[in-house]
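The block underneath contains the structure these notes are about, expressed in structure tokens.
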Number of protein chains: 2
Amino acid sequence: MPQPPPSGPPPVTPEADTDPSAIGRRVRALRAARGISLSALARQAGVGKATLSGLENGTRNPTLETLYAITAHLGVPLTAVLSGPTTGPTVRGAAVSATLLEVFEDSDATYELYRMRVAPGPGQLSPAHQAGVTEHVTVFTGVLRAGPADEPLTAAAGGHLRWTSDVPHVYAAVGDDEVTASLLLRYPRSKEGHLINASRR
Amino acid sequence: MPQPPPSGPPPVTPEADTDPSAIGRRVRALRAARGISLSALARQAGVGKATLSGLENGTRNPTLETLYAITAHLGVPLTAVLSGPTTGPTVRGAAVSATLLEVFEDSDATYELYRMRVAPGPGQLSPAHQAGVTEHVTVFTGVLRAGPADEPLTAAAGGHLRWTSDVPHVYAAVGDDEVTASLLLRYPRSKEGHLINASRR
DNA sequence: CTCGATCGTTCCGTTTACGGAACAGGAATG
DNA sequence: CATTCCTGTTCCGTAAACGGAACGATCGAG
């Protein structure tokens, strides 16, 4: 399974460049593609020409606000100038590879939605997560056996599995076909609610 | 400070936020999900505690470098803390908005994975799809009533619904909270072949 | 209770990203 | 030719993001 989150060494996304010069090149390319001058874009986006020039040349480490003002005016999402379009770390294990599609948080929990593939073969064992974490899997293709190591569940295409993953758990493809599925990890909000310190100050 | 986008008024993405407080909340949620303290994350990511504290509280406008150092150590892409990696097409109805995250094809069916939001209120009725289409919903937050119009099902956070949507079906949030969920549509490869039989393949 | 460790916030000096202005080069106009 | 407008870069004072240190609060151990 993905060992993305929990405590880790550098789980690391090798790619994901925030390399300023790469970002600068993309911004410049986008601007050139639209035939807008640096001066014009700076003026319209409400940033200084010096800022935009430095950004495009990679000699600055822009602020989110600045970068957003520019990309918004280019009509592209911020992600368009951050590493490739294929942003999103893919974590791999012996049998499982998972790509983080989206992170979602609300008042009760944080959710991470992955696209998961399980290769046929011996399967993979993942260590326990912290208490209260639950996993939800919807199988698209193939047959998946997954769940607590001592009591795995099985689902075929269209099926759905759910378990509490605070114990070691397994993923394995049943049969010779690769399994594709969506994986939703739910991390309950840390119970120690000293967030209540909302006392104004 | 730059005003976001005077141009292309984004009709959608009501919260195309680089809103610093929203980013701060997401970072804090991700950190909490991993059970790491602010001090520890700051130390590991090589940023000052003051920086991380201010970032999480929305009182700072971080540079890319800072934000990347933090998200990298959380094991998530930068996009995870920005409003959305989801630049995909969004479909809207009276109560439901859904963003297409990914499309999968295999020999038996085509799958479309959506992130769905259902606003509180009267709900929404959708017409029947073609024969054999099934819908799978995993609820993240709120309580959802959905399914065939004459026989809807109900699920709360963490719950899962599945039905065959070749009849008119409904979506409605139960209670006053917006529902967020993932929606998987499965379109079986047309057996009735009113298009397919044109040429075998 | 006292002590020590760690939590998250706030204070503060340093660094740097910011926008405005000044600058050199190029293209179009008279 | 000079003039004018534009381009993109560089200079510079100001605002603010940065990391380190100090702070009060909280928790666990003795």
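Lettering follows sequence order; numbering is per chain, from 1. Atom set for the values below is all heavy atoms of this structure, side chains included, hydrogens, waters and symmetry mates excluded.
- If you measure from atom CG of A/Leu64 to atom P of C/dA17, you get 14 Å, rounded to the nearest angstrom.
- For the pair A/Leu38 CG and C/dG19 P, the computed distance is 12 Å after rounding to whole Å.
- In the set D/dG19, C/dG19, C/dG8, the nucleotide with an atom closest to the side chain of B/Arg60 is D/dG19.
- With hydrogens and angles ignored, the 3.5 Å screen pairs no side-chain donor or acceptor of B/Ser53 with any backbone N or O of B/Lys49.
- Mapped onto DNA chain D by nearest heavy atom, B/Lys49 and B/Pro62 fall at different nucleotides, with B/Pro62 at the one closer to the 5' end.
- Between A/Ser53 and the phosphate of D/dT10, there is no side-chain N or O to OP1/OP2 separation shorter than 4.0 Å.
- A/Gln44 places its CD atom 15 Å from the C1' atom of D/dT7, with the value rounded to the nearest Å.
- Taking atom CG of A/Leu52 as the reference point, atom C1' of C/dG19 lies 12 Å away to the nearest angstrom.
- Across all strands shown, A/Thr51 has heavy atoms under 4.0 Å from base atoms, whether or not it also approaches the sugar-phosphate.
- When rounded to the nearest whole Å, the span between CG of B/Leu41 and P of C/dT6 equals 17 Å.
- Under the side-chain contact (heavy atoms from CB on, under 4.5 Å) rule, A/Thr63 has a single partner from B/Thr66, B/Leu64, B/Thr63, which is B/Thr63.
- Distance CD (B/Glu65) to P (D/dC18): 9 Å, rounded to an integer number of Å.
- Taking both residues in full, the closest heavy atoms of A/Ala149 and A/Leu125 are given as CB-CD1, 3.9 Å, listed atom of the first, atom of the second, then distance.
- A/Thr66 has a side-chain polar atom (N or O) that falls below the 4.0 Å cut-off from OP1 or OP2 of C/dC18.
- Evaluation of the salt bridge (Lys or Arg N to Asp or Glu O under 4.0 Å) rule for A/Arg31 yields A/Glu56 as partners, not counting sequence neighbours.
- Within the structure, a side-chain polar atom (N or O) of B/Ser37 is placed less than 4.0 Å from OP1 or OP2 of C/dC7.
- Nucleic acid contact for B/Ser39: base, since at least one base atom lies under 4.0 Å from a heavy atom of the residue.
- Of all nucleotides listed (D/dG19, D/dT7, D/dT9), D/dG19 comes nearest to the side chain of B/Ala50.
- Distance A/Arg43 CZ to D/dC6 P: 8 Å, rounded to the nearest Å.
- Within the structure, a side-chain polar atom (N or O) of A/Asn57 is placed less than 4.0 Å from OP1 or OP2 of D/dT9.
- Each of A/Leu67 and B/Arg31 was matched to the nucleotide of DNA chain C holding its nearest heavy atom; the match closer to the 5' end belongs to B/Arg31.
- Residue B/Trp163 comes nearest to B/Ala146 through the heavy atom pair CH2-CB, 3.7 Å, listed as atom of the first residue, atom of the second, then distance.
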